[in-house]
Enquirer: 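What follows is a structure written as structure tokens; I'll ask about it next.
Lettering follows sequence order; numbering is per chain, from 1.
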Number of protein chains: 2
Amino acid sequence: MILRSHVEWALHCCAILAGLPEGKYLSTKALAEFHGLPKEYLSKALQALSQADLVDTTLGPTGGYRLAKPTSDITVLDIVEAVEGKARTFECTNIRAANPCRPAGFCDAGPCAVARVMWAADEAWRSSLRNVRLSDLVATVADDVPQDVWKSTGAWIARRAG
Amino acid sequence: MILRSHVEWALHCCAILAGLPEGKYLSTKALAEFHGLPKEYLSKALQALSQADLVDTTLGPTGGYRLAKPTSDITVLDIVEAVEGKARTFECTNIRAANPCRPAGFCDAGPCAVARVMWAADEAWRSSLRNVRLSDLVATVADDVPQDVWKSTGAWIARRAG
DNA sequence: ATATTAAGGATAATTTATATCCGTATGAAT
DNA sequence: ATTCATACGGATATAAATTATCCTTAATAT
Ligand code: FES
Ligand code: FES
């Protein structure tokens with residue numbers, strides 16, 4: 001099992017959009033260049049963010065993306081689920097139903113105990129991601145990145161914004 | 001992202017092996033029949049359990065699998081990692097390195113903040129699975145299944161054990 | 001000897017992930 | 001008005017992972 005690369009892309013793009021000057025937009029082209037990613041494919045991840053209402057978009061020469069809400073109102077889980085879907089990572093195919101010792105027509109009262117354990121772990125994973133806001137993430141990144149790089153990155157974004 | 005079906009198979013097989021009479025083995029064929037699974041493919045999952053030293057095996061007409069340890073010494077995580085691997089579910093491709101504002105030869109001090117958040121969630125998932133022992137799981141299943149079905153299932157296992 | 005089993009290698013089919021291409025509608029600048 | 005750059009979505013292509021089967025080998029019980 002492995003998460004799609006879109007998750008890494010979407011999270012980094014949101015972190016960049018967080019540094020965008022008020023009211024401006026940043027294009028797919030700029031985001032792809034910045035991260036060294038294939039523009040057309042990155043576009044699919046950004047479309048997913050748009051469909052999840054995490055970002056606003058506009059068309060035309062100065063068009064692109066910007067965050068639709070304050071960074072403190074967006075969680076990492078919001079972003080992950082936007083590109084990866086909300087479906088559980090464990091899928092029960094109900095193999096217990098094949099038990100030859102069951103009476104004919106036997107009907108289970110609820111989900112299998114195995115599935116419940118796996119789903120609880122899935123929820124722990126989601127809960128962990130839900131507890132980190134985009135604002136927290138950006139603050140951590142800002143802490144990690146040397147000040148001069150951080151500053152010139154902000155300038156780069158402002159320069160490419162439309 | 002979705003876990004492989006082997007996870008569901010391996011967990012259910014371990015739960016069945018937990019009901020095996022002392023010293024006996026249960027074959028792939030019996031486990032496949034019981035769960036309605038393709039024998040040859042299920043065999044791959046069981047081999048993974050064997051390689052992780054969670055089960056003992058023996059050859060020959062009375063051969064098959066049995067648990068290698070007490071059920072309280074095996075966690076759900078042990079089983080999941082045996083078939084799914086221990087690799088993290090989030091893979092960082094270090095896209096931050098493409099940032100055009102970095103000075104040439106810039107070297108990161110540690111893993112990216114985005115990766116750290118994703119890895120923490122991964123660990124929360126694993127921790128949740130690690131906190132459930134096979135003995136706990138079996139107890140829950142026993143609670144779920146009607147007593148008569150539980151009993152006849154135990155008899156079925158004993159009958160097929162060699 | 002014979003039958004049955006786990007183990008593992010080879011191979012194929014199916015599904016998912018990755019990636020590119022192109023047409024359309026929209027908005028900004030001239 | 002015209003032109004250009006953009007998001008969006010559909011279609012298609014390629015690569016990789018998952019699912020599945022087949023077959024050979026070595027071990028073991030009867
Ligand atoms: S039947 Fe699907 S997890 Fe038990
Ligand atoms: S560079 Fe990989 S998660 Fe940030």
Enquirer: Could you state the atom-to-atom distance from NZ of B/K39 to C1' of C/dG8 in whole Å?
Expert: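 Taking atom C1' of C/dG8 as the reference, NZ of B/K39 is at 14 Å.
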Enquirer: Does A/R116 pair with B/D144 as a salt bridge, N-O distance under 4.0 Å?
Expert: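 Judged by the 4.0 Å cut-off on N to carboxylate O distance, A/R116 and B/D144 do form a salt bridge.
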Enquirer: Take the protein atom CG of B/D56 and the nucleotide atom P of C/dT5, then report the distance between them rounded to whole Å.
Expert: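 Answer to the nearest Å: 18 Å.
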Enquirer: Check every atom of D/dT19, D/dT30, D/dG9 against the side chain of A/E40 and return the nucleotide holding the closest atom.
Expert: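 Selected nucleotide (nearest to the side chain): D/dG9.
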Enquirer: Between B/E33 and B/R160, is there a side-chain N and carboxylate O pair less than 4.0 Å apart?
Expert: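 Salt bridge present between B/E33 and B/R160.
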Enquirer: Between A/E40 and A/K29, does at least one N-O distance fall below 4.0 Å, as a salt bridge requires?
Expert: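 Between A/K29 and A/E40 there is no salt bridge, as every charged N stays at least 4.0 Å from the carboxylate O atoms.
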Enquirer: Using whole Å, what does the distance between atom P of nucleotide D/dT12 and atom OH of A/Y41 come to?
Expert: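 Checked: the OH to P distance equals 19 Å.
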Enquirer: With nearest nucleotides of DNA chain D determined for B/P38 and A/T57 from heavy-atom distances, which residue corresponds to the more 5′ nucleotide?
Expert: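 First, find each residue's nearest nucleotide; the 5'-ward one identifies A/T57.
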Enquirer: If you assign A/P61 and A/H6 each to the DNA chain C nucleotide with the nearest heavy atom, which residue ends up on the more 5' nucleotide?
Expert: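 This one resolves to A/H6.
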Enquirer: Assign A/G162 to base, sugar-phosphate, or nothing according to its heavy-atom contacts below 4.0 angstrom with the strands shown.
Expert: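 No contact.
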Enquirer: Give a yes/no answer on whether the side chain of A/S5 brings an N or O atom under 4.0 Å of OP1 or OP2 in C/dT18.
Expert: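 Answer yes for this pair, as a side-chain N or O of A/S5 is under 4.0 Å from OP1 or OP2.
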Enquirer: Any Lys/Arg nitrogen of B/R133 or B/D136 sitting under 4.0 Å from an Asp/Glu carboxylate oxygen of the other?
Expert: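 Between B/D136 and B/R133 there is a salt bridge, with a charged N closer than 4.0 Å to a carboxylate O.
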Enquirer: Would you say B/Y25 places a side-chain N or O within less than 4.0 Å of OP1 or OP2 belonging to C/dT4?
Expert: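 So the side chain of B/Y25 is outside the cut-off, no N or O lying under 4.0 Å from OP1 or OP2 of C/dT4.
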Enquirer: Indicate whether OP1 or OP2 belonging to C/dG8 is found under 4.0 Å from a side-chain N or O atom of B/Q51.
Expert: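 Answer is yes, contact under 4.0 Å.
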Enquirer: Could you tell me the separation between the CZ atom of A/R4 and the C1' atom of D/dA17, rounded to a whole number of Å?
Expert: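 For the pair A/R4 CZ and D/dA17 C1', the rounded distance is 14 Å.
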Enquirer: Looking at A/S43, I'd like to know whether one of its side-chain N or O atoms comes within less than 4.0 Å of OP1 or OP2 on D/dC8.
Expert: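 For D/dC8, OP1/OP2 do not have a side-chain N/O of A/S43 under 4.0 Å.
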Enquirer: Give the rounded distance in Å between these two atoms: OH of A/Y65 and C1' of D/dA5.
Expert: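 From A/Y65 OH to D/dA5 C1': 13 Å.
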Enquirer: Any side-chain heavy atom of B/V141 sitting closer than 4.5 Å to one from A/R96?
Expert: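 No; the side chains remain at least 4.5 Å from each other.
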Enquirer: When you measure from the side chain of A/L59, which nucleotide among D/dA20, D/dT28, D/dA7 comes out closest?
Expert: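 The answer is D/dA7, which lies nearest to the side chain.
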Enquirer: Between C/dT18, D/dC8, D/dT18, which one does the side chain of A/Q47 approach most closely?
Expert: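 Of the candidates, D/dC8 comes closest.
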Enquirer: Check the distance between D/dT19's C1' and B/E84's CD and give it to me in whole angstrom.
Expert: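 Nearest whole value for this atom pair: 13 Å.
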Enquirer: If the cut-off is 4.0 Å, is B/T62 near the phosphate of D/dT28, judged by side-chain N/O to OP1 or OP2?
Expert: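 So the side chain of B/T62 is outside the cut-off, no N or O lying under 4.0 Å from OP1 or OP2 of D/dT28.
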Enquirer: Is it true that B/T75 and B/D78 share a donor-acceptor pair across their side chains at a distance under 3.5 Å?
Expert: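 Side chains of B/D78 and B/T75: pair found under 3.5 Å.
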Enquirer: Just how far, in rounded Å, is P of D/dT18 from CG of B/L3?
Expert: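 That distance rounds to 10 Å.
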Enquirer: Answer yes or no: does a side-chain N or O of A/S27 lie under 4.0 Å from OP1 or OP2 of D/dA7?
Expert: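 Indeed not, no polar side-chain atom of A/S27 lies that close.
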Enquirer: Given C/dT20, C/dG9, C/dT18, identify the nucleotide with an atom nearest to the side chain of B/K44.
Expert: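 When the side chain of B/K44 is considered, C/dG9 is the closest of C/dT20, C/dG9, C/dT18.
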Enquirer: Over how many whole Å does the gap from B/K29 atom NZ to C/dT4 atom P extend?
Expert: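 Result: 8 Å.
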Enquirer: Any side-chain N or O of B/T28 under 4.0 Å from OP1/OP2 of C/dA6?
Expert: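 True: B/T28 side-chain N/O within range (under 4.0 Å) of C/dA6 OP1/OP2.
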